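Following: one structure in structure tokens, then a few remarks.
Scope of the values below: all heavy atoms of this structure, side chains included, with no hydrogens, waters or symmetry mates. What you see is a predicted model, and the numbers here were worked out from it, not measured in a lab.
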Amino acid sequence: MTNEWCGWREATERALYGPDNGFYTRPGGPGPAGHFRTSVHASPLYAGAVATLLCRVDTALGRPDELALVDVGAGRGELLTGVLAALPAEVSARVCPYAVERAARPQGLDPRIDWRGELPAPGSATGLLFANEWLDNVPVEVVETDEDGVPRRVLVRADGTERLGGPVDGPDADWLRRWWAPPLAADATGGGAPGLRAEIGRPRDEAWARAVRTLRAGLAVAADYAHERGDRPLFGTLTGFRDGREVPPVPDGSCDITAHVALDACAGPSAERLTQRAALHALGVAGHRPPLTLAATDPSGYVRALSTAGAAAELTDPAGLGGFGWLMEPVGGECAGLLKGWDA
């Protein structure tokens with residue numbers, strides 16, 4: 001892998017998706033599950049909740065003959081496999097499942113799943129598009145304010161060494177002004193504090209807009225760890241993961257490289273945003289402990305119920321997975337407000 005200076009967006013693209021040594025695309029790799037724990041891997045309850053959401057979309061759309069389920073950033077197909085297993089037979093018979101993933105199709109995957117490296121054509125699908133922890137892996141530029149407070153692009157080499165490049169300008173400067181804002185100034189006059197960092201999420205906005213356009217009608221959902229304009233982190237969120245541990249983000253293909261998502265910037269005019277905790281509660285996932293009386297009458301049932309409650313609690317923990325953001329974007333009016341009426 002080249003060790004020349006480039007922006008973080010280019011470096012991350014090579015490190016994650018390069019054809020020979022990309023972290024996600026190298027042959028025989030374990031996929032995301034080998035390096036970090038997502039909601040999909042935490043419990044089958046998550047796939048069950050997505051199956052429930054798909055059924056609600058199906059009902060809202062009038063039960064079409066073909067119901068698309070598009071999983072963007074499908075990993076090794078774990079979510080699609082779980083959702084297909086959880087669907088009622090009548091719905092399952094009409095589902096057309098698509099896995100959108102740049103890695104090769106894994107062996108033994110359900111033959112019904114259409115595995116492809118790119119999104120289906122715009123306007124070609126009717127149903128649910130779901131992107132779990134996909135946008136955080138869409139590469140972005142990183143900027144840092146210099147000693148005069150001027151935001152400059154951060155250049156990096158494959159060994160992780162950084163230096164500051166030229167000032168941020170053009171559409172990236174416009175995005176920074178609108179969506180990151182103070183205390184990180186976004187013009188060449190400076191005036192901000194030195195050493196502040198930000199990730200410019202414009203490529204993610206564009207990637208999400210393209211994903212939503214896949215649908216002719218239905219609902220697009222992005223679930224990811226996120227931050228809001230009024231609470232952006234002062235020093236950015238770029239980091240790495242390897243073998244279940246957080247590590248420095250070195251763009252040499254040896255680790256995942258990720259950063260939190262500005263979901264508010266991605267959101268279209270009809271989008272709804274809520275926490276994963278609220279979304280899963282609305283879909284029937286709650287961490288209530290079973291009554292102790294069940295232990296006396298059905299000890300095995302009590303243990304199973306206790307395990308389910310523990311898994312639900314992990315998925316909805318507001319300090320963990322439950323604090324993730326869900327961006328829900330209806331296409332057409334039928335699928336608006338499917339989770340409304342639930343508190344976080």
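Note that CG of Leu67 is 8.5 Å distant from OG1 of Thr126, once rounded to the nearest 0.5 Å. Distance check: Glu118 CD to Thr214 OG1 gives 11.0 Å after rounding to the nearest 0.5 Å. For the atom pair CG (Asn132) and CG (Asp71), the distance works out to 8.0 Å, reported to the nearest 0.5 Å.
Between Asp243 and Arg245, no side-chain nitrogen of the basic residue sits less than 4.0 Å from a carboxylate oxygen of the acidic one, so the salt-bridge criterion is not met. Between Glu228 and Arg232 no salt bridge is recorded (no basic side-chain N to carboxylate O distance below 4.0 Å). Between Glu206 and Arg210 no salt bridge is recorded (no basic side-chain N to carboxylate O distance below 4.0 Å). Asp136 has no carboxylate O lying under 4.0 Å from a charged side-chain N of Arg204, or vice versa, which leaves the two without a salt bridge.
Trp8 pairs in a side chain to side chain contact (heavy atoms under 4.5 Å, CB included) with only one of the listed residues (Glu199, Glu162, Glu13), which is Glu162.
Under a 3.5 Å cut-off, the side chain of Thr145 and the backbone N or O of Leu196 do form a donor-acceptor pair. Panel note: side chain Ser43, backbone Tyr46; no donor-acceptor pair is recorded below 3.5 Å. The backbone N or O of Leu321 lies less than 3.5 Å from no partner atom in the side chain of Asp317, so there is not a single donor-acceptor pair. Thr237 places no side-chain N or O within 3.5 Å of a backbone atom of Ala259 that could act as its donor or acceptor partner. At least one donor-acceptor pair closer than 3.5 Å links the side chain of Ser124 to the backbone N or O of Ala121. Put simply, the side chain of Asp224 never gets that close to the backbone of Ala226: no donor and acceptor are under 3.5 Å apart. Not a single donor-acceptor pair under 3.5 Å links the side chain of Ser92 to the backbone N or O of Pro88. Looking only at distances, a side-chain donor or acceptor of Arg216 sits under 3.5 Å from a matching main-chain atom of Gly123. With hydrogens and angles ignored, the 3.5 Å screen pairs a side-chain donor or acceptor of Thr52 with a backbone N or O of Gly48.
Cation-pi geometry between Arg229 and Trp179 is not satisfied (NZ or CZ under 6.0 Å from the ring centre, within 45° of the ring normal).
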Practice item. Determine, step by step, whether Thr258 and Phe241 satisfy the side-chain contact (heavy atoms from CB on, under 4.5 Å) criterion, reporting the C-alpha distance in whole Å, the side-chain angles of both residues, the deciding distance to 0.1 Å, and the verdict. Key: CA-CA 8 Å; Thr258 179; Phe241 284 93; 3.9 Å; yes
Practice item. Let me see the working for Arg153 and Asp169 under salt bridge (Lys or Arg N to Asp or Glu O under 4.0 Å), right down to the final yes or no. Key: CA-CA 10 Å; Arg153 300 181 191 279; Asp169 57 7; 3.5 Å; yes
Donor-acceptor contacts under 3.5 Å from residues 326-338 side chains, at least two apart:
from: Trp326; atom 1: NE1; to: Gln276; atom 2: OE1; distance (Å): 3.0
from: Glu329; atom 1: OE1; to: Trp208; atom 2: NE1; distance (Å): 3.2
from: Glu329; atom 1: OE1; to: Gly268; atom 2: N; distance (Å): 3.3
from: Glu329; atom 1: OE2; to: Gly268; atom 2: N; distance (Å): 3.3

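A donor-acceptor contact closer than 3.5 angstrom is absent between the side chains of Tyr17 and Asn137. Using modelled atom types, one finds a donor on one side chain and an acceptor on the other under 3.5 Å when comparing Asp159 with Thr161.
Counting heavy atoms from C-beta on, the side chains of Pro203 and Glu141 never come closer than 4.5 Å.
Environment of CD in Glu90: crowded, with over 12 heavy atoms of neighbouring residues, nucleotides or ligands closer than 6.0 Å.
Between His260 and Tyr225, the angle of the ring planes goes over 60°, which puts this pair in the perpendicular group of the 30/60° scheme.
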